[in-house]
Amino acid sequence: MQKNMLELKNQENLYKENQKSIQELNKWKHDIKHILNTIRHNINNNNLNEAKHIIDKYNNILDTNLLNFQSGNELLDYIIASKIHQIKNLDIHLVIINNINEIPISHTHFSIIIGNLLENAIENCGENKEIIIDIGNMSTYFYIKMINSIDTSILDNNPHLLTTKHDKKIHGIGLNNIYFILNKYSGKISFNDQDNHFIVRILIPT
């Protein structure tokens, strides 16, 4: 039941983010003719600098508001896309290191693990606002490393990583679900603080 609740929550969040993307695209569809006509008008009147200014302005808007990275793994991109508006709104610098040859667990389980880790990283990101996702295959293991900046040690204040959210029955299941999934694959998870960063490491034998 907890797993179903979490999957439903992830689907609802993804739906909301997709709706935002659709609204942005509809807005662009409505405005693009006016933008192009303005550019044409400036070119026809030899106002080339103004035409260039408009092009540069809207290129910058596209770079700022749309998903402008490709990790090389469609599933990973799909999961991150569900959080990308939140990441951009919080001005978090996201780094993705993709060394994936093969994902040795079900796509549903992979999505639950990455989705929960990324959600926790976003919520606990410190003033430096940096998240690093490093995933890949190494020898006989599949590894996942999620790093987020922190202002103070999380483990010193909360060594058992208990949820601090009001609704503990709902929000406390994320880490438990990760433990449950890793147990199915004989996987291991570890946590540590280092140089103002919180680091989660997962190893799953292949």
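The basis for the numbers below is simple: all heavy atoms, side chains too, and nothing from hydrogens, waters or symmetry mates. In this text the structure is predicted, and so the values were computed from the model without any measurement.
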Heavy-atom side-chain proximity of [X] to [Y] below 4.5 angstrom:
X	Y	value
R40	L36	no
I189	V200	yes
F110	I79	yes

Any link between [X] and [Y] through a network of hydrophobic side chains (Ile, Leu, Val, Met, Phe, Trp, Tyr) touching at under 4.5 Å?
X	Y	answer
Y141	I204	no
L175	L118	yes
I147	F142	no
I114	I97	no
V95	I87	no

Answer yes or no: are there more than 12 heavy-atom neighbours, outside N37 itself, under 6.0 Å from its atom CG? yes

Please check if the number of heavy atoms outside N44 that lie under 6.0 Å from its CG is greater than 12.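 Count over threshold, so yes.
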
Looking at [X] and [Y], what are the two nearest heavy atoms and their distance?
X	Y	answer
T206	P104	CG2-CG, 3.7 Å
N148	N124	ND2-O, 3.4 Å
M146	L117	CE-CB, 3.5 Å
N192	R201	OD1-NH1, 2.8 Å
S186	P205	O-CD, 3.4 Å
S149	K129	OG-N, 3.2 Å

Could you give the distance from [atom1] ([X]) to [atom2] ([Y]), rounded to the nearest 0.5 Å?
X	Y	atom1	atom2	value
S106	K184	OG	NZ	8.5 Å
I103	I105	CD1	CD1	7.5 Å
E127	N196	CD	CG	10.0 Å
N73	N99	CG	CG	11.5 Å
T152	D193	OG1	CG	8.5 Å
L90	C125	CG	SG	8.0 Å

Aromatic ring pairing F191/Y179, orientation class (parallel under 30°, perpendicular over 60°, tilted between): perpendicular

With no hydrogens and no angle check, just 3.5 Å: does a side-chain donor-acceptor pair link N137 and Y143?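 Note: N137 and Y143 side chains miss the donor-acceptor criterion.
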
side-chain contact (heavy atoms from CB on, under 4.5 Å) between D151 and N128, intermediate numbers included: CA-CA 8 Å; D151 298 326; N128 287 336; over 6 Å; no

I'd like to know if the side chain of [X] and the backbone of [Y] have a donor-acceptor N/O pair within less than 3.5 Å.
X	Y	result
N46	N42	no
N45	N47	no
N116	I178	no
H109	H107	no

So I92 and E130, side-chain contact (heavy atoms from CB on, under 4.5 Å) or not? Walk me through it. CA-CA 6 Å; I92 295 173; E130 180 181 49; 5.9 Å; no

Start with the C-alpha distance between I54 and E50, add both sets of side-chain angles, then the distance that settles side-chain contact (heavy atoms from CB on, under 4.5 Å), and finish with yes or no. CA-CA 6 Å; I54 295 171; E50 180 62 22; 4.0 Å; yes

Candidate pair K52 and D56, rule side-chain contact (heavy atoms from CB on, under 4.5 Å), full reasoning: CA-CA 6 Å; K52 182 178 181 297; D56 290 341; 3.0 Å; yes

Taking L94 as the fixed residue, which of I122, I132, I131 is the one that meets the side chain to side chain contact (heavy atoms under 4.5 Å, CB included) rule?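 By the side chain to side chain contact (heavy atoms under 4.5 Å, CB included) criterion, L94 pairs with just one of I122, I132, I131: I131.
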
